[in-house]
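The block underneath contains the structure these notes are about, expressed in structure tokens.
Note that the structure is predicted; figures quoted are calculated from it, not measured. The sequence lines fix the lettering, A, B, ..., with proteins before strands; numbering per chain opens at 1.
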2 protein chains.
Amino acid sequence: MDSNGGSRSQGTGSGRAGDCQHGEVCGHCDVRHTAMCNVLNDAELEKLNSLSSDFKRDTQQIICSEGEPADHLYNLRSGVIRLSKMLPDGRRQITGFLFGGDFLGLACNEAYAYTAEAITPVEMCRFPRHKLTQMFGELPQLGGRVFSMTSTELEAAQSQMLLLGRKTAAERLSSFLLSMAQKQHHSSTTEPAQPDADKQEVHLPMSRTDIADYLGLTVETVSRHFTKLAKSGLIDLQGSHKVILKDADALQAIADGDK
Amino acid sequence: MDSNGGSRSQGTGSGRAGDCQHGEVCGHCDVRHTAMCNVLNDAELEKLNSLSSDFKRDTQQIICSEGEPADHLYNLRSGVIRLSKMLPDGRRQITGFLFGGDFLGLACNEAYAYTAEAITPVEMCRFPRHKLTQMFGELPQLGGRVFSMTSTELEAAQSQMLLLGRKTAAERLSSFLLSMAQKQHHSSTTEPAQPDADKQEVHLPMSRTDIADYLGLTVETVSRHFTKLAKSGLIDLQGSHKVILKDADALQAIADGDK
DNA sequence: CGACTTGTTGAATAACATCAACACTAGTGG
DNA sequence: CCACTAGTGTTGATGTTATTCAACAAGTCG
């Protein structure tokens, strides 16, 4: 399982909006620093607040570009971001999608190694990188937390290498759909429990081109395999941005290559 | 440049054996903790020493397995390690090669996400993971350093995604050869400066199968493209584990997809 | 509505994989 | 020293999957 991986934080020790123990009334958690709620107390969160500033972008706007000095770290509060790298001739690889609660800028030492663009309107908190790393001394929990999140990203990246290097188109698409489903269920733990039927309803905010560039395929191949999965009854396509997973087990078997 | 990436630490702030400022006489640096020499003083390095134990393995031996509890972190002192992930039916993806100075186990939260095997005999230092993360409080520099190394790994992983998702076989092989060359020059900065001719001599400790599984190709395709590069005069094959790069610029152009 | 973007489908092509044979190398023992 | 063997690497012929090129359908927005 989890043979696919986006860039989404998940697994032990990884902070998600849904993990926040402060509940509905906590201003810090609802609005900012969702990833830090479980490791920092209110005073420490306040300290973090004082370092960060709000940051918003609209659909299709660029948040940071490959090669630019990586002065800031971002915490995505709402919306969806795509991270991509390009070859000189225009070929593009999307290295991950970010959703509410995820961090942007962990994979940089000096310059951003990728371009980040808003797929939907996004709200973020922005931290000056050097101030944040300075705080690792004052707040040891913070450093450990950031390390843990970066590790989780790295694990996801390695799963994606397996997908890109060794999986067939059908396996890639199945892996992708399951990972998107997993993210959407997980992140909804703050909301009232969903009826079981909805658990298989997956929203795909990105275009077919984005999916293709994420899976290392062409749009046509992605489209063909969507239709194929639909015709074989494993999924139901409701417009191009909504999918119902009708047989998650079968999808999982395909994703894992268990033929 | 650096469009390829192994798992090797490189770039700003990333510790390499060659970066050590302590010189030849420093026991810590020559024997252990090479990655920490520049951020910790001798007393702190001594503290690190007290946490770590020596660890050796022979060629083809397993150091840790995918799914195993990730209790330890390793610092590779000498030798070469391959990291790999497998699908149930045996398809394998090598996610990186580790060389002297590199860390093993950064990409784990609870369980190892990959199998690590010795390609050559290896010598390592082993740290209990929980003791090391505890020290992040006492030695803030340590946490920052580990974060920086993990970031570097993540950057490399993203470059490899671009390679696996979007590059042709020829581009992959060229990228690989150049990244191997870069690692070997860089790591030899402690040794007397090499004559320029040697700069283009690259040793490949791994088998063709390993290269194929790293590049997401088959052995046959790798072999064919080695021959092709040799016939077109860009490289010189001296046995299967030694390559001379005769036209690094042309290789770079191929690697980047600048046709 | 009409123009533009996004997504789907079909046919031809190319790149890489697969299958199979052979060559080279290193190690073993007579 | 020379077979003998097993492992690794190379080369050739064929097959398959995904890409490319092209047309069309379905949304989206003025």
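Residue B:L237 contributes atom CG, which lies 7 Å from atom P of D:dT10 at whole-angstrom precision. Distance, B:L163 CG to C:dC16 C1': 15 Å, rounded to whole Å. The distance from atom CD of A:Q238 to atom C1' of C:dG7 is 17 Å, rounded to the nearest whole Å. Protein atom CG of B:L204 is 10 Å distant from nucleotide atom P of D:dG9, rounded to whole Å. Per the geometry, CZ belonging to B:F226 stands 16 Å off P belonging to D:dT8, to the nearest Å. The separation between A:R172 atom CZ and D:dA18 atom P is 8 Å, rounded to whole Å. Residue A:L217 contributes atom CG, which lies 5 Å from atom P of D:dT19 at whole-angstrom precision. A straight line from NE2 of B:H241 to P of C:dC24 spans 16 Å, rounded to a whole angstrom.
Considering only side-chain atoms of B:S207, the nucleotide from D:dA18, D:dG9, D:dT20 that sits closest is D:dG9. Among the nucleotides C:dG7, D:dA18, C:dC16, the one closest to any side-chain atom of B:H225 is C:dC16. Taking every side-chain heavy atom of B:R224 into account, C:dT18 is the closest of D:dA18, C:dT18, D:dT20. Here C:dA17 is the nucleotide among C:dA17, C:dG7, D:dT10 with the atom lying nearest to any side-chain atom of B:T218. Nearest to the side chain of A:E220, among D:dA22, C:dG7, D:dA18, sits D:dA22. The side chain of B:T209 has D:dG9 as its nearest neighbour among C:dT8, C:dC16, D:dG9. The listed nucleotides are C:dC16, C:dT8, D:dT10; the one nearest the side chain of B:A169 is C:dC16.
Of the residues near DNA chain D, B:Q60 and B:R166, the one whose nearest nucleotide (by heavy atom distance) lies more toward the 5' end is B:Q60.
Aromatic ring centroids of B:Y74 and B:F55 lie under 6.0 Å apart.
Side-chain atoms of B:S175 and B:K167 form a donor-acceptor pair, as typed in the model, at a separation below 3.5 Å.
Distance check, rounded to the nearest 0.5 Å: OG1 of B:T95 to CG of B:L83 gives 4.5 Å. Between B:E171 atom CD and A:L87 atom CG the span is 6.5 Å, to the nearest 0.5 Å.
In this model, the phosphate group of C:dT9 is approached by a side-chain N or O of A:T227 to a distance below 4.0 Å at OP1 or OP2. Applying the 4.0 Å criterion to OP1 and OP2 of C:dA17, one finds that B:T221 has a side-chain N or O inside that range.
In this structure, B:R208 forms a cation-pi arrangement with B:F226, its terminal cationic atom sitting closer than 6.0 Å to the ring centre and no more than 45° off the ring axis.
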